[in-house]
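See below for the structure under consideration.
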Amino acid sequence: MELQPDSSHTPQEKISQFISHVMTAVSSCSLYSEKHPVVAEFAGKMLALADELYAEDSLNFTLVGESFIVNDVPFVEKGLHIANFIKRFRKKKIDKVVFKKAPDLEEMTGFIIGMASREKVASTAHVSVGIVEVRLRGADATPASLLDDGISKVRETLHGVSRFRQLDMIGLEDAVVDFLAVLKKELNVLRIVSPVKSHNEYTYVHATNVSVLSIFQAEVLGFTGEALRDIGLAGLLHDVGKIFVTNTILDKPGKLDAGEWDDMKKHPVYGAMYLAKLSAASPLAAIVAFEHHMKFNGSGYPDTKRIGKKQHIVSQIVAIADFFDALRTERPYRKTLEVPLIAKMLQEGAGKDFNPELVGSFLVSLGEVMGREQ
Ligand SMILES: [Fe+2]
Ligand SMILES: [Fe+2]
């Protein structure tokens with residue numbers, strides 16, 4: 001598809017438009033699938049716009065700090081798509097992309113799919129992608145501001161989610177990258193897990209805290225890289241099945257009656273089914289959603305004891321994080337508990353409710369960070 005050159009727009013406006021085409025295509029890829037017609041349509045639009053932007057037969061995007069140099073000229077426009085494009089570069093550890101005259105539709109679509117996927121973006125004959133070896137996001141940001149960034153991404157994403165609307169996995173993955181960066185800077189995890197200030201904050205603050213506490217445990221156990229990110233995401237999404245439970249039950253100030261409790265206990269199955277259908281989510285997230293209320297000894301729910309199903313180690317990690325955060329948080333029916341008391345309860349549950357080795361490792365590392373403060 002050819003677009004006519006449009007002389008009424010400045011080069012900066014055309015670059016903005018190019019970036020917004022990339023991001024629209026990337027989010028369509030994540031929300032629907034890479035084969036969705038919108039993806040090819042926007043790849044076509046990108047090709048047409050690139051034709052107007054080539055300087056000496058190439059179009060270069062170089063990320064420098066918080067902004068781009070495009071064809072050797074600083075790009076000063078701001079906007080949501082541009083901010084998200086920069087975040088994508090960071091997340092994919094890309095510092096430069098060069099489009100050489102002229103990619104075909106397949107190469108452009110491949111670039112979009114690469115940007116949307118969890119894999120490294122591969123270079124092709126006409127699209128060269130420069131990857132930085134190690135770039136820690138937000139090297140100069142404070143832990144508090146990184147955490148705020150992460151929590152607002154979780155809030156925005158979980159706020160819009162419903163049984164009718166798919167999750168924006170990009171927003172959640174970016175939030176996990178923020179949490180990883182926070183944990184690198186602030187070693188005391190208890191300073192990171194934030195208190196719930198109001199009732200309607202509970203959903204996303206709890207999701208955040210469980211994610212952070214799961215990453216904290218997993219790092220100590222030696223998980224790194226992509227696996228650590230997947231664990232953080234699984235922690236964020238463990239309770240996503242609650243979108244299928246009515247608010248009357250979720251918000252009930254008192255104890256649930258037997259029927260309500262039965263409904264509530266379905267959220268792991270609902271969550272697993274919802275996540276299993278999401279192509280952008282890792283299979284681990286669905287497993288953890290299904291298993292986070294199972295116990296180490298096979299009891300708990302869903303009832304899988306008779307088929308002898310054992311909890312995945314990441315579900316065991318998330319179960320400890322979930323228990324810890326639930327007790328640390330004040331709920332309408334219960335005051336918050338102090339850390340030493342929760343530690344004692346975890347120890348009592350070790351071997352029955354929780355994997356004893358994971359409890360041991362968690363309490364030792366928690367003790368270390370708390371001891372360091374004194
Ligand atoms: Fe749950
Ligand atoms: Fe939970």
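Just the heavy atoms: all of them, side chains too, but no hydrogens, waters or symmetry mates, feed the values below. As the structure lists them, so they are numbered: ligands from 1, and atoms in each ligand from 1. Position 1 is the first residue of the sequence; numbering continues from there.
Among the backbone and side-chain atoms of D239, an N, O or S atom lies under 2.8 Å from the Fe ion (ligand 1). Backbone or side-chain N, O or S atoms of H206 reach the Fe ion (ligand 2) at under 2.8 Å. For residue D325, no N/O/S atom approaches the Fe ion (ligand 2) to within less than 2.8 Å. For H238, every N, O or S atom stays at 2.8 Å or more from the Fe ion (ligand 1).
For H238 and H293, the gap between ring centers reaches or exceeds 6.0 Å.
There is a side-chain donor-acceptor pair under 3.5 Å between E107 and H126. A donor-acceptor contact closer than 3.5 angstrom links the side chains of S299 and N297.
Checked against the Fe ion (ligand 2), the N, O or S atom of D322 at the shortest distance is OD1.
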For K153 and E156: C-alpha separation, side-chain torsions, deciding distance, then whether salt bridge (charged side-chain N to carboxylate O under 4.0 Å, His left out) applies.
CA-CA 5 Å; K153 281 169 202 151; E156 282 160 29; over 6 Å; no
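For E357, the side chain to side chain contact (heavy atoms under 4.5 Å, CB included) criterion is met by N355, not counting sequence neighbours.
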